[in-house]
Structure formats: structure tokens, C-alpha cells
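Naming convention: chains lettered A, B, ... in sequence-line order (proteins, then strands); numbering from 1 in each chain.
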Amino acid sequence: MPFQPVILWTDALVYLLLVLAAGMLWYTRGHEHLMQPWRRVAGSRTAQAALVVLSSYLVIGLLDTLHFHPRTGDREAADVVYSTEVSSLFDVIAGPLRTQREKTYSAPFAIHLFSKETIEKADGTTVRDYPRLAYGGAHLDAHGTGRLADILGKALAGAVKWALAWSLLLVLLCRFSRARILRLLGGRMRNPWHVAAWSALLLMGVFGALWEMAGYYHVLGTDKVGEDVFFQSLKSIRTGLIIGTLTTLVMLPAAILLGIMAGYFRGWVDDLIQYLYTTLNSIPGVLLIAAAVLMMQIYMSNHADDFNSLTERADLRLLFLCLILGVTSWTSLCRLLRGEALKLRDLEYVQAARAFGVGHFRILLRHVLPNVMHIVLIAVVLDFSGLVLAEAVLSYISIGVDPATNSWGNMINGARLELAREPVVWWSLLAAFGFMFTLVLAANLVSDVVRDALDPRLRQ
Amino acid sequence: MTAYIIRRLLYALPILIGVNAFTFVLFFVVNSPDDMARMHLGGKRVTDQAIQGWKEEHGYAKPLLINRERQGSDMFTETILFEKSLRLFLFDFGQSDSGRDISHDISQRMWPSLAIALPTLLVGLAVNITFALLLAFFRATYLDLWGVVICVAMMSISSLFYIIGGQFLVGKLLNLVPISGYDTGVHAWKFMILPVIVAVIGGIGSGTRWYRTLFLEEIHRDYVRSARAKGLSEQRVLFRHVLRNAMIPILTGVVVVLPLLFIGSLLTESFFGIPGLGSYTIDAINNQDFAIVRAMVFLGAVLYILGLLLTDISYTMVDPRVRLD
């Protein structure tokens with residue numbers, strides 16, 4: 001085999017999340033009353049556009065989740081040797097973006113380095129000037145003539161290529177769902193699918209242009225050690241998505257179980273659970289996270305031998321961060337669920353079930369849980385954007401993800417001091433903020449629509 | 001009322017004990033003092049002697065729970081649990097790992113924190129309520145729609161962006177005020193104005209949207225309809241009826257954070273170099289000074305519980321329907 005698959009801890013949880021999501025989708029499809037809110041979501045133009053953005057992030061994040069050890073050494077050799085380095089499918093696709101490193105900073109689309117160096121000329125004299133980049137714009141001549149035209153040409157070519165891919169995708173989708181393409185694009189269907197289609201075209205066009213240009217230039221410049229900022233920003237997507245989703249995934253079992261148990265059983269169970277979450281809640285979140293992460297750092301530095309590789313260590317740190325963020329955020333959901341369960345336990349159908357002699361566990365599972373699921377879903381969707389933003393802040397206070405992990409927080413942290421330079425190095429910061437803003441805005445828009453659709457109070 | 005307050009304070013005790021137990025487990029059981037010493041002295045190649053020395057110096061050399069070498073009550077007082085954890089209840093925070101008196105530091109540093117956090121809260125409140133009232137006045141028009149869109153967009157921007165952008169724009173490009181630092185007395189205003197503005201702008205998005213929801217909830221109530229039916233003008237309805245009734249959730253939301261203002265904002269203070277408790281905490285985190293982090297966790301919990309108590313009391317003041325017994 002040319003590679004050896006690796007499943008990191010977070011990968012495994014992402015797969016679990018996908019299985020759960022698929023299971024819920026399948027279950028929902030069979031129940032009309034559960035489909036109802038999602039039809040509302042599909043009927044919203046904002047949600048359609050925002051979901052396209054979210055799914056494009058998701059695709060990149062998933063490509064970046066398929067990890068493996070690439071094979072090294074001679075291909076003909078009899079014994080197969082795998083590299084200790086962990087790569088992802090996305091690394092392979094992005095190939096040159098990852099490997100084409102410059103010496104240090106360079107501006108977007110630049111063909112020269114950002115700082116002067118002593119260059120030795122052919123005739124032996126030395127001169128202090130901005131040296132040419134090793135990869136950025138290397139196909140141009142010495143003076144970089146026709147750079148603008150070249151950039152525009154590449155952008156157009158990329159946009160056209162990806163637009164073709166878009167139309168192919170559209171044809172396939174329409175064939176699959178038996179919809180008429182023109183009716184769809186003209187917006188003459190019941191749901192505004194045309195918004196999704198056109199925003200997908202826009203997104204794919206822009207991405208295609210960037211992607212094509214990225215093969216020849218550093219479209220968003222390079223950072224201090226010469227790494228392509230565009231590549232870093234794309235790699236950071238996985239971290240952002242993982243923090244946003246796994247945190248809720250790991251806190252859900254505790255929040256749901258304790259929340260409905262407290263509301264349903266009342267009495268001492270309620271007292272105990274309330275005490276538990278009030279105590280945890282009274283510690284300010286940042287301080288709790290700081291304390292826990294400090295402790296983890298000590299543990300990791302004292303048990304450095306337990307980790308096989310840096311990637312594994314960074315991955316475990318990411319998982320731990322999700323766990324600790326989960327500990328600080330489950331309390332509010334737990335309180336909401338307790339309140340709802342308190343109401344539900346006195347409703348007629350629950351009382352009838354009890355009169356029939358149905359066990360507590362069965363009542364909780366069959367009658368209480370399904371009726372609080374909308375609250376859980378709303379909480380999951382609402383928490384996402386806050387968690388993505390929190391990652392950047394925590395990484396800045398150095399209690400966030402591992403410094404070796406690609407994340408927007410680490411990008412900002414690494415670049416913020418460079419604003420004091422003259423001229424200013426702005427591209428790393430702006431790239432990180434831009435990518436983060438797009439994701440969070442899309443998530444916020446979707447969550448608004450989902451909340452409106454799921455919350456029965458607002459539906460009247 | 002007095003009886004209620006006393007009862008509430010007694011309720012707070014088990015919660016504080018819980019917080020204390022939690023921090024004790026986190027700081028002394030998950031990692032033993034030996035681990036901490038090794039961390040501070042650096043790496044694995046540290047002699048046991050050096051670790052013992054570090055522990056003696058910082059007062060971690062005693063047993064965790066029970067000191068079997070002592071007699072009588074000393075058996076329990078000469079322990080880490082008593083000296084490092086239980087003393088927090090008396091607000092005796094002891095010494096930091098770098099040898100400074102934490103209580104003294106806190107009493108010095110809470111004022112700059114308050115000087116930034118209080119204006120931020122008040123100005124932010126005024127700005128957000130103004131915008132929210134404006135949106136509620138023009139509800140269901142394009143102004144309202146775009147106002148909400150802008151709010152959502154502003155909510156989606158990282159707080160780091162506001163801080164870095166504000167520092168860059170005002171401090172560096174326009175050169176109006178110093179980027180960071182602090183001064184005592186009246187000269188502090190120069191250093192205060194930028195953090196306050198940045199924090200207020202950063203909070204506009206979520207604040208305005210939240211208050212708008214509160215106002216719109218009130219606007220659909222029956223008493224508002226009767227007020228309109230009486231022939232009151234829309235302005236009068238908004239200011240005399242809607243605003244005053246919406247003040248109940250707004251005020252209680254504000255009161256709960258009042259005590260926490262002393263701790264200040266970690267981000268703002270460390271970016272703007274304000275010598276408050278927020279930057280104190282950040283420095284402690286970066287220097288891995290556990291004594292300070294432990295003290296701040298406890299202090300934060302105390303202030304939060306105090307905030308909850310104040311909230312309940314303020315309910316009775318603004319809403320005569322609520323009675324505490």
C-alpha cells in the first residue's frame with residue numbers, strides 16, 4: 001500500500017459525529033413531524049446561502065481529517081517503510097502549497113521577499129536588495145513583467161475551470177433528484193434552491209481562481225518562516241470545525257442525562273445535580289479553562305514519553321481542549337433541559353405512561369428525551385460560532401490549541417506583533433480573520449434560521 | 001429581607017466549598033507538588049534535592065491532607081489542604097509562586113480593572129439600548145432588517161480583531177492616544193479611552209440584538225396595545241412603557257456582572273497593558289504561577305455568587321411583584 005491509515009482521536013470522534021448525523025438524518029426522513037422544521041430551514045434563502053458556505057468548509061475539514069502515514073523511500077524496495085510524519089488527504093491535494101516554502105515574509109502576489117538581503121551577483125559584487133522568491137511568481141522573467149495580466153489570466157482560468165465543475169455537479173444533482181435545471185436556476189421551485197446553486201457558483205468561482213493562482217503565487221503571502229498563508233488558513237478550518245462541533249458532542253451525554261434526570265426525578269437527585277452545575281458554573285469560564293490547561297501542560301511535559309509523535313500530542317491537546325470547553329459549557333444546556341423536563345413530567349402522556357407501569361428509564365427515553373431534542377439541537381447550533389471565536393482568544397492567551405497545530409488563533413497570535421513593523425505585515429492577520437469571519441457569519445445565519453424553525457414558542 | 005440575605009449567604013457556603021474542593025483536586029491531586037516543582041525547575045533532569053528545596057521554599061513540602069508527624073490540631077493545620085486551600089475562605093491568598101503577597105497585589109490591581117470595566121459597561125449599556133430602541137421604533141422596516149444584519153455581522157467578528165484593529169487605527173495610523181500603558185490619577189483618561197471604545201464597539205452587535213429582542217417581546221404585550229389605544233404617541237409608548245418594563249431583565253443582567261467588574265477583562269487588559277487583575281491573571285498563566293491562578297478562581301467564584309445574590313435583591317427593587325421570603 002502506498003500509505004498506512006492513521007486514525008487520531010479527534011478523527012475517530014469526527015467519524016462518530018458523522019455516523020450520528022447520518023443516523024439522525026435517516027430517522028428524521030421517516031418522520032413527517034420531524035421533517036417539518038427542516039423544510040422551513042430549506043425554505044429560507046439566507047440559510048441556503050449560508051449552508052453552501054458551511055458545507056464548503058466542511059468538505060475541506062473532512063479532507064483534512066483523513067490521515068495517513070505516507071510511504072517513504074524507494075518505491076521498488078521490498079520492505080515497505082512508512083514515514084513517521086502524519087499527512088492528510090488535503091495535504092496531498094494541496095501538494096505544492098505545502099512544500100513551496102519561502103525564506104520569510106512575502107506580501108500577497110509578491111515576487112520578491114519582504115526584507116532586504118545581501119545578494120551576490122554574477123560578477124562577484126554584492127548588493128543589498130529584495131531577493132526573488134523561490135516559488136512565488138517563479139515562472140515570470142527577472143523583472144516580473146506582465147505580472148498583473150498573468151494574475152488575471154490565471155484567476156480567470158481557475159474560475160472557468162471550477163465553474164465547469166459546478167455545472168457538471170449541477171447536472172449530476174438534477175439527474176439524481178429529477179429536477180429540471182432551468183426551473184431550478186430560475187428559482188421556480190418550491191424551495192429557493194436557486195440561491196444555493198448561484199452561491200455555490202460564486203463560491204466555487206472565487207475558490208477556483210484563488211486555487212489556480214495559488215499554484216504560481218502566494219495569494220495571501222507567506223508568514224515568518226515562509227509558509228503559505230493561504231494553505232495555513234485552509235488547514236486551520238479543521239481545527240475550527242473540531243472545536244465547534246466536538247466540544248458539544250463530548251458535553252452532550254452529560255448535559256442531557258443529568259438535565260432530564262434532575263427535572264424528572266426531582267428530590268435529592270435534583271438537588272445534587274443542581275449543586276454540581278451551580279458549583280461549576282460559578283467558576284468564571286476562562287479561569288477554569290486556564291487552570292485545567294495549565295495542569296494538562298504539566299502532565300504532558302512530565303509524561304512526554306507517552307506520546308508517539310508531535311502530531312499525536314497536538315491532537316490529544318486539541319481533544320482535551322474540547323473536553324474542558326465542554327465542561328464549562330454544559331451547565332447552561334443542563335439547566336434548560338432540567339426546566340423543560342420539570343414541565344414535561346407533569347404532562348398527561350407522561351402520567352399516563354407511569355399509570356400503565358412503564359419504567360422510569362423507558363419514560364425518559366421514549367417520552368421525555370424526544371420532546372427536549374429541539375432544545376438540544378438549538379444549543380448545538382448556537383454554541384458553534386461562539387466556540388470557533390473562543391478558540392482564537394484562548395490560543396492568544398496561550399491556553400488554546402498546541403502551537404504546532406494550524407489554527408486561526410495561532411496565526412493571529414504569531415502575526416499580531418508584526419503590526420508594529422514598518423511597512424506593516426497585515427496579510428496573516430487579515431487572512432485568519434477573514435476565514436474565521438466567513439465561517440462564524442455563516443454559522444450565525446444558519447443558527448438563527450434553525451432556532452426560528454425549531455422553537456415552538458416562536459412559531460405561533 | 002435580612003433573613004433572606006443571611007440564608008442566601010449560607011447557601012453560598014456549600015458552593016464555595018465545592019469550588020475549593022475542585023481547585024484542590026485540580027491543582028494538587030491531578031499533578032502532585034513534585035510535578036509542579038519539576039515543571040518550574042525545568043525538565044526531567046532535576047535532582048530530588050532541588051525539588052525538595054523548591055517545595056520548602058514555596059510551602060508545598062507538607063502532606064496533602066493529614067500531617068502524621070504532628071499532634072493535636074496541628075495534624076490538620078500543617079497541611080497543604082489547610083494552608084493553601086482552606087485559607088482562601090478567609091481571603092488569605094498567601095504568597096504567589098514568585099514570592100509576592102497575592103492579597104496585596106489584588107487590592108492594588110482591582111482599581112485599574114474597575115476603571116476600565118465600569119465605563120465600558122455603562123457606555124456600552126447606553127449605546128446598545130439606544131440602538132436597540134431605534135431598531136424597535138423602526139421595526140419591520142428596511143432599517144430594522146439591515147440593523148439586525150449589521151448586528152449579526154458584528155457579532156461574527158472576533159474580539160481580537162476589534163482590539164488589534166482599534167489599536168492599529170487609532171494608536172498607530174491616527175496617533176491620537178497611546179496604544180498601551182496606564183497612569184495613576186486623572187492622567188489615566190488618555191489610556192482608558194481606547195480600551196473602553198474598543199470594548200464598547202466589540203459588544204454592540206450582540207448587545208443591541210439582545211436588547212432589541214427584549215423590547216420586541218414587550219411591544220407585543222397587551223398593556224402596550226392599551227397604551228396605543230389610549231392615543232399615546234409611539235415615542236411615549238416606547239420610553240414610558242416598553243423601556244421601563246424591559247428594564248427589569250436588562251438591570252438584572254447588568255447586576256449579575258457588577259462584582260465581576262473587579263476582575264476586568266483578560267483580553268483588553270493584556271492588549272492595552274493595563275495593570276489590572278485581568279492582565280495579572282494572564283501573566284500568572286504565562287508564568288505558570290499556580291498560586292495566583294488558584295486565588296483568582298476562588299475570587300471569581302465568590303464574586304459570581306455575590307452577583308447572583310445582588311440580582312435576586314435587585315429583582316425585588318425593580319419589580320414589586322417579586323417578593324423574597
Chain B shares the most heavy-atom pairs under 4.5 Å, among A:L430, A:T279, A:L280, with A:T279

Counting heavy-atom pairs under 4.5 Å to chain B, which of A:L288, A:V440, A:I412 comes out on top? A:V440

Please indicate whether [X] has more than 12 foreign heavy atoms, meaning atoms of other residues, nucleotides or ligands, lying under 6.0 Å from its [atom1].
| X | atom1 | result |
| --- | --- | --- |
| A:Y275 | OH | yes |
| A:Y299 | OH | no |
| A:R45 | CZ | no |

Would you give the length of the straight line joining atom [atom1] of [X] to atom [atom2] of [Y], rounded to the nearest 0.5 angstrom?
| X | Y | atom1 | atom2 | value |
| --- | --- | --- | --- | --- |
| A:S395 | B:L160 | OG | CG | 9.0 Å |
| B:I15 | A:S282 | CD1 | OG | 6.0 Å |
| A:F433 | B:I164 | CZ | CD1 | 4.0 Å |
| A:S398 | B:I285 | OG | CD1 | 7.0 Å |
| A:L429 | B:S158 | CG | OG | 10.5 Å |

Taking only residues two or more places apart in sequence or in another chain, which ones pass salt bridge (Lys or Arg N to Asp or Glu O under 4.0 Å) with A:R317? none

Donor-acceptor pair, distance only, cut-off 3.5 Å: does the side chain of A:Y396 make one with the backbone of B:L267? no

Tell me, side chain or backbone of A:I397 under 4.5 Å from chain B's heavy atoms, or both, or neither? both

Under a 4.5 Å heavy-atom cut-off, does chain B meet the side chain of A:V286, its backbone, both or neither? side chain

Report, by ascending residue number, the residues of residues 381-392 of chain A in heavy-atom contact with chain B at a distance under 4.5 Å; give 'none' if the set is empty. A:L389, A:A392

Quick check: closest heavy atoms across B:Y304 and A:N281, and the distance to 0.1 Å? OH-ND2, 3.4 Å

If I compare all heavy atoms of B:L26 with all of A:A292, which pair ends up nearest, and what's the gap? CD2-N, 4.1 Å

Check: B:F161 ring centroid to A:F437 ring centroid under 6.0 Å: no

Heavy-atom distance under 4.5 Å between the side chains of B:V152 and A:D448, does that happen here? yes

Test side-chain contact (heavy atoms from CB on, under 4.5 Å) on B:L266 and A:V393; report intermediate values, then the result. CA-CA 10 Å; B:L266 268 68; A:V393 173; over 6 Å; no

Does the pair B:F22 and A:I283 meet the rule for a side-chain contact (heavy atoms from CB on, under 4.5 Å), with working shown? CA-CA 10 Å; B:F22 182 79; A:I283 304 174; 3.8 Å; yes

